Amino acid sequence: MKQAVMTGPGHIEFSDAPETPPGQGEVRIRVRQIGICGSDIHVWHGSHPFTPYPVIQGHEFSGIVEAIGPGAENVPTIGSKVTALPQIVCGHCNPCKKGRFNICENLKVRGFQADGCGRELYNIPAERLVALPASFTPDQGAFVEPVAVAVHACSRAGNLRGRNVVVLGAGTIGNLIAQIAKAQGARSVLVTDIGDHRLEIAEQCGVDHVVNTRVRSLKQATRKIFGEDGFDMAFEAAGAEASLGSAVEAIEKGGTILIVGVYGKPPVVDMAVVGEHEIVLAGSMMYWRADWERAVEYLETSISITPLVSRHFAFDAWTEAYRYIDANGTDIMKVMVDLPG
Ligand SMILES: [Zn+2]
Ligand SMILES: [Zn+2]
């Protein structure tokens, strides 16, 4: 079995590994396709603070059940399409005791602090599996993970029906949040970015309004688009200080800003405005199983992902995939790695 080991920043080695049968409670998956996400790119650059090397990357994937280990229960039959949650949680810390496994004090994520799915055969505990509809393409299966991130973020925002919503950052996660907010009945959704290409993709996905905040400030744009109604919900998916600051400045008093982006350094925020305007700043971290199940439903019914897939690379061209991402910067959305078989 071939596997892709990242031995250090910028270096992937392909090696042969023994085909171990699935252990107690495990299932063996033949991996079909892997999505590359922003966090993976940080590991490639050596700028991910919590990932030691060597590491097998990959946490967004689709595959086929190939073998079922002893004691693995309620498992989709052999040949079924599946994906799987990448979290490894302790089950006994305070957040885990409250059922908030996504913020486990001892959280490990496959592809970062544990080996991920970057290999032909992947043994994983059966309870992590999520069954996919037979109609799903490998692209759709690999998109369940990022869609679940967006589903979880929207659930943290409460009921979006009838509300005006701003999403800052038109990358994959921002795009998906905008689509889900719309599917959940938001009245009007504005997506902002500083790159026109990503905004064009958001338009192709049916988002109501897009604005390049290099051309027009968020405050000006939201005044023009929402008028007196303003907006009381913002998702900050850019991970940029200026973007967060513009949301604090433009959102109506009492509004909520949900932090989804990853910040390279701690942003400076005008907390005097946050205090006086009773703005709620809240976080969102990964997802729960229920978010994955809803993500599958959204992918079946209302989410358009075709415009988000920038390019496919073969498994043994994973390094070229990263070089392509590095060369094309913000023009890239989702890059996929395809496995043989
Ligand atoms: Zn991801
Ligand atoms: Zn825990």
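Counting starts at 1 for both ligands and their atoms, in listed order. If you're wondering where the values come from, they're calculated on a predicted model, not measured in any experiment. One is the number of the first residue; the rest follow in order along the sequence.
Geometrically, R28 does not engage Y122 in a cation-pi contact, judged by NZ or CZ lying under 6.0 Å from the ring centre and within 45° of the ring axis.
Residue side and main chain included, E60 places an N/O/S atom under 2.8 Å of the Zn ion (ligand 1).
Annotation: side chain of C37 is in contact with side chain of K334 (closest heavy-atom distance under 4.5 Å). Contact of the I12 side chain with the V5 side chain is not registered, since no non-hydrogen atoms from C-beta on lie closer than 4.5 Å.
No chain of hydrophobic side-chain contacts below 4.5 Å, direct or via other Ile, Leu, Val, Met, Phe, Trp or Tyr residues, connects F231 to I180. In this structure, I56 is not a member of the same hydrophobic cluster as V109, with clusters built from ILVMFWY side-chain heavy atoms closer than 4.5 Å.
Between H209 and F226, the ring planes are perpendicular. Angles over 60° get that label, and only those under 30° would be called parallel.
Neighbouring protein atoms of the Zn ion (ligand 2) (N, O or S, distance under 2.8 Å, waters ignored): C90 SG, C93 SG, C96 SG, C104 SG.
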